[in-house]
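Structure first, then comments.
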Amino acid sequence: MIFGDLLKKVKRERPSPKDAPKHWIKCKKCQAIMYYKEIAEKSFVCPKCDNHMRINAAQRIEMLTDAGSFEEHDANLKPIDPLSFVDKKSYKQRVEESVEKTGRHSAVISGSCTIGGISTELVVFDFDFMGGSLGSVEGEKIVRAVNRAIERRVGVVIVSASGGARMQESTFSLMQMAKTSAALRRLDKEKLPFISILTDPTFGGVSASFAMLGDIIIAEPGTIIGFAGARVIKQTIGAELPEGFQSAEFLVEHGLIDMVEHRKTLKSTVGNLLKIMSR
Amino acid sequence: MAFYLDFENKIKNIQEEIELAEIRKDDHAKAIFEKELDKVVEQTYSNLSAYQQLQLARHQDRPYAIDYVKLIMHDYHEIHGERTFRDDPAIVCYMGYIDEQKCVVIGEQKGRGTKNKLKRNFGMPHPEGYRKALRAVKLAEKFNLPVLMLIDTPGAYPGLGAEERGQSEAIARNLYELSDLGTTTISVVIGEGGSGGALAIGVADRLAMMRYSVFSVISPEGCAAILWNDPTKVETATKALKITAEDLKELDLIDDIIDEPLIGAHRDKNRAADAIKNYFLREVSALEKLSIDERLAKRYARLESIGRFQEDSKA
């Protein structure tokens with residue numbers, strides 16, 4: 001009981017994202033405690049150990065797009081519960097909690113913007129919304145972004161941060177892998193660029209569909225990327241995994257992605273690549 | 001020795017009686033038992049729970065891809081490898097004929113018996129398996145051959161080498177290419193349709209399921225462990241995920257349910273094989289009445305329409 005109470009207290013005292021800007025922030029990697037404002041100015045990269053902290057979709061958009069250029073689309077799409085799915089909680093309740101936490105109705109924000117002056121369609125995943133999982137709304141937003149890109153003759157940038165397909169939508173979510181990949185094939189035939197940016201973490205149904213289909217695939221340092229989670233692999237093969245397995249650096253070494261790009265140069269790199277690939 | 005699941009026990013008893021009657025050459029008794037069998041089959045199989053259907057989908061006597069290939073193809077040749085790393089025995093590819101129809105058949109192959117199970121990696125492909133499948137469908141496209149893809153896997157292999165060689169990319173690439181492949185494609189879930197590893201050969205003009213097959217975003221075991229945090233909740237998870245052919249047809253996520261014999265493909269391989277063969281030939285001839293551009297447009301429209309959500313009017 002005492003332990004339980006203590007746990008509750010700790011939970012209560014943890015500041016919610018609504019309390020932001022918090023005054024102090026601790027780096028999860030090197031445990032350094034820093035002034036929030038200072039870290040925010042450095043794009044949430046730890047000045048001591050260079051750890052790229054997880055950021056939410058709104059912060060990502062601010063960091064990646066030209067100031068004032070982002071115009072959101074499809075914010076009116078909301079998840080429903082096609083299977084009346086209930087595990088330990090109902091899907092409806094999980095959605096409600098995520099809506100309360102993020103103030104939005106899906107795990108992606110999508111819209112039109114310019115990056116380094118180049119017009120593009122942008123889709124950004126928010127890990128805070130049900131682990132950035134891919135459901136019907138997320139899939140639909142991606143397809144609509146691709147369709148807008150084809151109409152406007154511009155490229156697409158998708159920033160992934162996701163545990164994979166959303167189990168509560170079962171096969172509906174599985175099929176979003178096919179739906180989004182098919183849409184990107186259309187973009188490809190139109191000879192328009194697609195840049196896939198992988199941020200921590202990118203797994204499962206997201207990595208096994210659009211995230212790995214970029215003309216150029218960029219990951220942030222330290223991002224963990226894979227098909228199966230490390231725990232499942234360890235259980236399956238019954239052995240320890242090598243150091244750095246499934247890290248962004250590991251994927252570059254194995255020829256699976258193009259580059260690891262520091263957050264401070266990410267925007268200029270994406271802008272320049274879009275410029276090179278535009279007609 | 002045939003293997004019986006616990007809910008199949010009544011069937012086992014009657015089938016043993018039929019065999020005894022055959023030995024005794026007692027045609028009268030045999031006829032009576034056969035009638036009885038039909039009744040019990042009807043009773044047993046018309047009201048299966050989702051979990052029982054999952055057990056049937058994984059039944060050890062269920063025909064695997066190669067069993068079907070042997071039953072429905074003739075003058076065929078197995079083709080191997082993706083030309084880069086190695087041949088993956090968990091996926092098999094053939095060129096040959098089904099009746100008069102030249103075609104390419106691709107299947108995920110589980111093994112029977114310990115040695116074969118290991119050789120086939122329990123039907124869990126590596127990236128090179130998916131890349132071999134891609135090579136095979138590209139050949140089919142080049143020579144305008146229809147493709148039959150037989151899905152039967154617990155999932156893509158979660159291993160060290162699989163990750164190093166890009167399991168995600170291999171699956172993604174297949175979804176991408178198959179969505180736009182310029183030939184007729186038919187996918188049939190014959191047993192277990194495990195997640196992305198199944199979908200990697202499941203994007204087609206027609207996606208059908210055998211009566212007792214399942215298709216799911218995650219294994220019910222995995223789902224129980226993650227969402228319920230309780231591995232014993234497998235039956236609950238199986239039901240919640242809606243993975244049976246009937247469920248998925250009702251949700252309009254698959255095109256057709258193939259008329260597998262009520263007693264199950266594991267008890268009547270020939271009729272099960274005929275059902276697949278007839279479905280394939282019928283759908284190919286129906287699809288090929290359309291031009292390739294029409295077929296591709298339909299395939300894409302179908303994919304694009306999948307998903308259920310609410311769209312509020314813009315504020």
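Below, chain A is the first sequence line, B the second, and so on; all start at residue 1.
Between B:S168 atom OG and A:Q246 atom CD the span is 8.5 Å, to the nearest 0.5 Å. To the nearest 0.5 angstrom, A:F250 atom CZ is 4.5 Å from B:E164 atom CD. Remark: B:F309 CZ to A:D74 CG distance equals 9.0 Å, nearest 0.5 Å. Atom CD1 of A:I257 is separated from atom CD of B:E169 by 12.5 Å, given to the nearest 0.5 angstrom. Atoms CG and CD, from B:L241 and A:E169 in turn, are 12.5 Å apart once rounded to the nearest 0.5 Å. For the atom pair OG (A:S207) and CD1 (B:I171), the distance works out to 8.0 Å, reported to the nearest 0.5 Å.
Closest non-hydrogen pair, A:P242 versus B:L160, comes out as CD-CD1, 3.6 Å. A pairwise comparison of heavy atoms in A:F85 and B:C223 identifies CZ-SG, 4.4 Å as the closest pair. Shown here for B:W228 and A:V86, the closest heavy-atom pair between the two residues is CZ2-O, 3.4 Å. Nearest approach of A:A182 to B:L303, heavy atoms of both residues: CB-CD1, 3.7 Å. Nearest heavy atoms, A:K88 versus B:N229: NZ-CB, 3.5 Å. Closest approach of A:S136 and B:R308 over heavy atoms only: OG-N, 3.0 Å.
Side-chain atoms of B:E304 and A:N147, non-hydrogen and from C-beta on, do get closer than 4.5 Å to each other.
Counting heavy-atom pairs closer than 4.5 Å to chain A, the top residue among B:Q167, B:K233, B:R302, B:R165 is B:Q167. Of the listed residues (A:I217, A:L184, A:V232), the greatest number of heavy-atom pairs within a distance under 4.5 Å of chain B belongs to A:L184. Contact tally against chain A (heavy-atom pairs below 4.5 Å) for B:S216, B:G202, B:P158, B:S179: the top residue is B:P158. Of all the listed residues (A:M212, A:K179, A:K189, A:Q235), the one sharing the greatest number of non-hydrogen pairs under 4.5 Å with chain B is A:K179. Ranked by heavy-atom pairs shorter than 4.5 Å toward chain B, the options A:M175, A:R186, A:H105, A:Q176 are led by A:R186. Ranked by heavy-atom pairs shorter than 4.5 Å toward chain B, the options A:A211, A:A183, A:A75 are led by A:A183. When A:R185, A:H254, A:R166 are compared by the number of non-hydrogen pairs under 4.5 Å with chain B, A:R185 comes out ahead. Of the residues considered (B:L253, B:I226, B:V203), B:L253 shows the highest number of contacts with chain A, using heavy-atom pairs under 4.5 Å. Heavy-atom pairs under 4.5 Å with chain B were tallied for A:D81, A:V137, A:D188; the largest tally goes to A:D188.
A donor-acceptor pair is defined here as one N or O able to donate and one able to accept, closer than 3.5 Å; no such pair exists between the side chain of B:E311 and the backbone of A:N76.
Looking at B:A170, there are no atoms closer than 4.5 Å to chain A (heavy atoms on both sides), in backbone or side chain. Only the side chain of B:Y300 comes within contact range of chain A, with heavy atoms under 4.5 Å apart. Contacts between A:L256 and chain B at a heavy-atom distance below 4.5 Å involve the side chain alone, from C-beta outward. In this structure, chain A has a heavy atom under 4.5 Å from the side chain of B:L199, while its backbone stays farther away. B:L227 touches chain A through backbone and side chain together, each having a heavy atom under 4.5 Å away.
More than 12 heavy-atom neighbours from other residues, nucleotides or ligands sit within 6.0 angstrom of NZ on B:K117. The environment of B:E250 atom CD is sparse: at most 12 non-hydrogen atoms of other residues, nucleotides or ligands sit within 6.0 angstrom.
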**Request:** Apply the test side chain to side chain contact (heavy atoms under 4.5 Å, CB included) to residues A:L77 and B:Q310: give CA-CA distance (whole Å), side-chain angles for both, the deciding distance (0.1 Å), then the verdict.
**Result:** CA-CA 6 Å; A:L77 301 189; B:Q310 173 187 334; over 6 Å; no
**Request:** Before giving the answer on side chain to side chain contact (heavy atoms under 4.5 Å, CB included), spell out for A:T171 and B:L251 the whole-Å C-alpha distance, their side-chain angles and the decisive distance to 0.1 Å.
**Result:** CA-CA 9 Å; A:T171 313; B:L251 294 168; over 6 Å; no
**Verdict with supporting geometry, A:F210 and B:L175, side chain to side chain contact (heavy atoms under 4.5 Å, CB included)** = CA-CA 9 Å; A:F210 56 85; B:L175 304 178; over 6 Å; no
